[in-house]
Amino acid sequence: AQSVAQPEDQVNVAEGNPLTVKCTYSVSGNPYLFWYVQYPNRGLQFLLKYITGDNLVKGSYGFEAEFNKSQTSFHLKKPSALVSDSALYFCAVRDGDDYKLSFGAGTTVTVRA
Amino acid sequence: DAGVIQSPRHEVTEMGQEVTLRCKPISGHNSLFWYRQTMMRGLELLIYFNNNVPIDDSGMPEDRFSAKMPNASFSTLKIQPSEPRDSAVYFCASSFRREMNTEAFFGQGTRLTVV
């Protein structure tokens, strides 16, 4: 069985400061990891994914994520947050050949000016 | 490409009425997912189709829910009869399943309110 945990319901940062959104996962096979962002009244938008290879993955809008196998984590990061980054962020995982994409509960990010 | 298209965007209906939600996946995609999003439960997978065939419907909450995919470019999710607890945002997503590393693309969602 696969699962994802986002330990923080909310993250608040000041504009220009680094932003980190945490995610840990549990799988029995090889993990395929994804980050999505959801703006109010919108669908989920794909940000980035880790499949294999380099542990640091770069994605859209200046976001990146670091895969850490020993800690089973895939934290999302942005060096300098913008007010427009305020949104709901979801981490998701696929377990090996399983088609099912399991989502975390989501983390609300608020970036204050 | 216009992306995944869902209709209607908003639906308000009375308890007991039939509701049909529609989805047009991205052209060329062969996998389709229906999700439901609520504050209490977050994102729940309801059903998954591959090549128009339902593969896993274990997430469908009750017999009142049914989904079809008559062809590669259209899917419906029907609730009959609807109940207030069905109120949620329903998302359709599609992907190209050749390997498990492909991401899913989501529609804008249908906000359903059952009164």
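Below, chain A is the first sequence line, B the second, and so on; all start at residue 1.
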_Interchain contact, A:Leu88 with chain B, by part (heavy-atom threshold 4.5 Å)_ = side chain
*Region of B:Asp56 in contact with chain A, defined by heavy-atom distances below 4.5 Å*: both
*Please flag which part of B:Ser95 lies under 4.5 Å from any non-hydrogen atom of chain A: side chain, backbone, both or neither.*
side chain
*Select one option (side chain, backbone, both, neither) describing which atoms of B:Gln37 are under 4.5 Å from chain A's heavy atoms.*
side chain
*Parallel, tilted or perpendicular for A:Tyr50 and A:Phe67, by the 30°/60° rule?*
parallel
*Establish, yes or no, whether a centroid distance under 6.0 Å links the rings of A:Tyr89 and A:Phe63.*
yes
*Counting only heavy atoms closer than 4.5 Å, note whether A:Asn30 contacts chain B via side chain, backbone, both or neither.*
neither
_Engaged part of A:Gln45 at the chain B interface, taking heavy atoms whose separation is under 4.5 Å_ = neither
_Take a 6.0 Å sphere around CD of B:Glu62 and say whether it holds more than 12 heavy atoms from other residues, nucleotides or ligands._
yes
*Select one option (side chain, backbone, both, neither) describing which atoms of B:Arg41 are under 4.5 Å from chain A's heavy atoms.*
neither
*Would you call A:Lys77 and A:Glu64 a salt bridge, using N to O less than 4.0 angstrom?*
no
_Region of A:Phe90 in contact with chain B, defined by heavy-atom distances below 4.5 Å_ = side chain
*Got more than 12 heavy atoms from elsewhere within 6.0 Å of CZ, B:Arg9?*
yes
*Which of these passes side chain to side chain contact (heavy atoms under 4.5 Å, CB included) with A:Leu76: A:Leu48, A:Val11, A:Val37?*
A:Leu48
